[in-house]
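This chain uses plain numbering: 1 for the first residue, then up along the sequence.
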Amino acid sequence: MALKKSNSSKTSNSSNNTDNKKRTAPGWVADLRYGRSLSLEFFKRNAWLLMVFVVAIIALMGLRYKTKTKMEEIKRLTTELQRAESSKLQEKAAYMSLIRETEMKRLVEEKKLGLDFQELPPYELEIDKN
């Protein structure tokens, strides 16, 4: 019986070894799982990759900031353009009315009609029927 026990213990030990081999994950997964991959050696080996990653992140943040500031400037310039166009239309209307008035005065003087531009609006006369 002692032989059987030793044989059975050998078989159970060998089955435990095979179970342990089956249960172990690939090397890098186990290292990551137990925190061994983030050692000083990891940072030494991947320093260039980490620097590229950090520079890329900083560049993306800068690009986003630059884009936001440019978009705000575009909005500001768009409103300024709309105001300038409105002002231009008002000035054009005033200029056109002056040109028409000047042209009419010239034609009146040329034809010698004796008409003048009225500075005040016309009066309305009311007649009392008392």
Side-chain angles (χ1 to χ4, degrees):
M1 286 196 160
L3 290 176
K4 285 184 180 179
K5 285 184 182 178
S6 65
N7 286 341
S8 65
S9 66
K10 284 182 184 178
T11 56
S12 67
N13 285 341
S14 64
S15 67
N16 284 341
N17 287 339
T18 57
D19 288 342
N20 287 340
K21 287 180 183 176
K22 289 180 186 177
R23 288 183 185 173
T24 58
W28 65 272
V29 175
D31 288 345
L32 184 65
R33 185 173 162 196
Y34 295 113
R36 287 179 276 181
S37 63
L38 298 177
S39 64
L40 183 61
E41 189 63 33
F42 171 78
F43 288 107
K44 284 182 181 178
R45 281 184 299 182
N46 298 312
W48 65 273
L49 182 63
L50 291 172
M51 290 302 289
V52 167
F53 184 71
V54 168
V55 167
I57 294 295
I58 290 172
L60 287 173
M61 288 169 52
L63 183 63
R64 184 171 181 210
Y65 174 76
K66 186 177 179 181
T67 303
K68 281 191 171 191
T69 55
K70 292 292 183 182
M71 290 299 291
E72 288 174 7
E73 185 178 0
I74 288 171
K75 285 180 183 176
R76 183 182 55 80
L77 290 173
T78 302
T79 56
E80 187 178 332
L81 177 65
Q82 288 173 348
R83 288 180 184 152
E85 286 177 348
S86 174
S87 175
K88 180 190 83 159
L89 287 175
Q90 289 174 352
E91 292 297 322
K92 183 178 178 182
Y95 176 72
M96 292 304 284
S97 69
L98 286 176
I99 289 177
R100 285 189 211 116
E101 182 181 331
T102 307
E103 183 66 20
M104 287 295 162
K105 283 183 180 179
R106 187 188 65 80
L107 284 173
V108 166
E109 289 174 4
E110 184 180 293
K111 302 290 182 185
K112 296 182 183 182
L113 297 175
L115 299 173
D116 287 330
F117 180 71
Q118 200 173 357
E119 296 291 329
L120 299 173
Y123 293 103
E124 290 184 21
L125 299 175
E126 294 181 9
I127 301 174
D128 286 333
K129 293 186 180 182
N130 288 342

* Asked: What distance separates Lys88 NZ from Leu81 CG, expressed to the nearest 0.5 Å?
  -> 9.5 Å
* Residues which pass salt bridge (Lys or Arg N to Asp or Glu O under 4.0 Å) with Glu91, listed by chain and number, not counting sequence neighbours -> none
* side chain to side chain donor-acceptor pair (under 3.5 Å) involving Arg64 - partner list, sequence neighbours excluded -> none
* Asked: So, the side chain of Ser87 versus the backbone of Arg83: is there a donor-acceptor pair under 3.5 Å, distance only?
  -> no
* Enter the distance from Met71:CE to Ile74:CD1 here, rounded to the nearest 0.5 Å. => 5.5 Å
* State which residues pass side chain to side chain donor-acceptor pair (under 3.5 Å) with Glu85; sequence neighbours excluded, sorted by chain then number. => none
* Structure fact -> Between the CG atom in Leu107 and the CG atom in Leu115, the distance rounded to the nearest 0.5 Å is 11.5 Å
* To do: Evaluate the salt bridge (charged side-chain N to carboxylate O under 4.0 Å, His left out) criterion for residues Glu80 and Arg76: first the C-alpha distance (whole Å), next the side-chain angles of each, then the deciding distance (0.1 Å), finally the verdict.
  => CA-CA 6 Å; Glu80 187 178 332; Arg76 183 182 55 80; 3.6 Å; yes
* Met61-Phe53 co-clustered via ILVMFWY side chain contacts under 4.5 Å -> yes
* For Leu50, enumerate each residue passing the side chain to side chain contact (heavy atoms under 4.5 Å, CB included) test, keeping only those at least two apart in sequence or located in another chain. => Phe43
* To do: Give a yes or no on whether a salt bridge exists between Glu72 and Lys68, defined as a side-chain N under 4.0 angstrom from a carboxylate O.
  => no
* Asked: Who pairs with Arg100 by side chain to side chain contact (heavy atoms under 4.5 Å, CB included), at least two apart in sequence or on another chain?
  -> Met96
* To do: Could you pull out all residues at least two apart from Gln90 that satisfy side chain to side chain contact (heavy atoms under 4.5 Å, CB included)?
  => Ser86
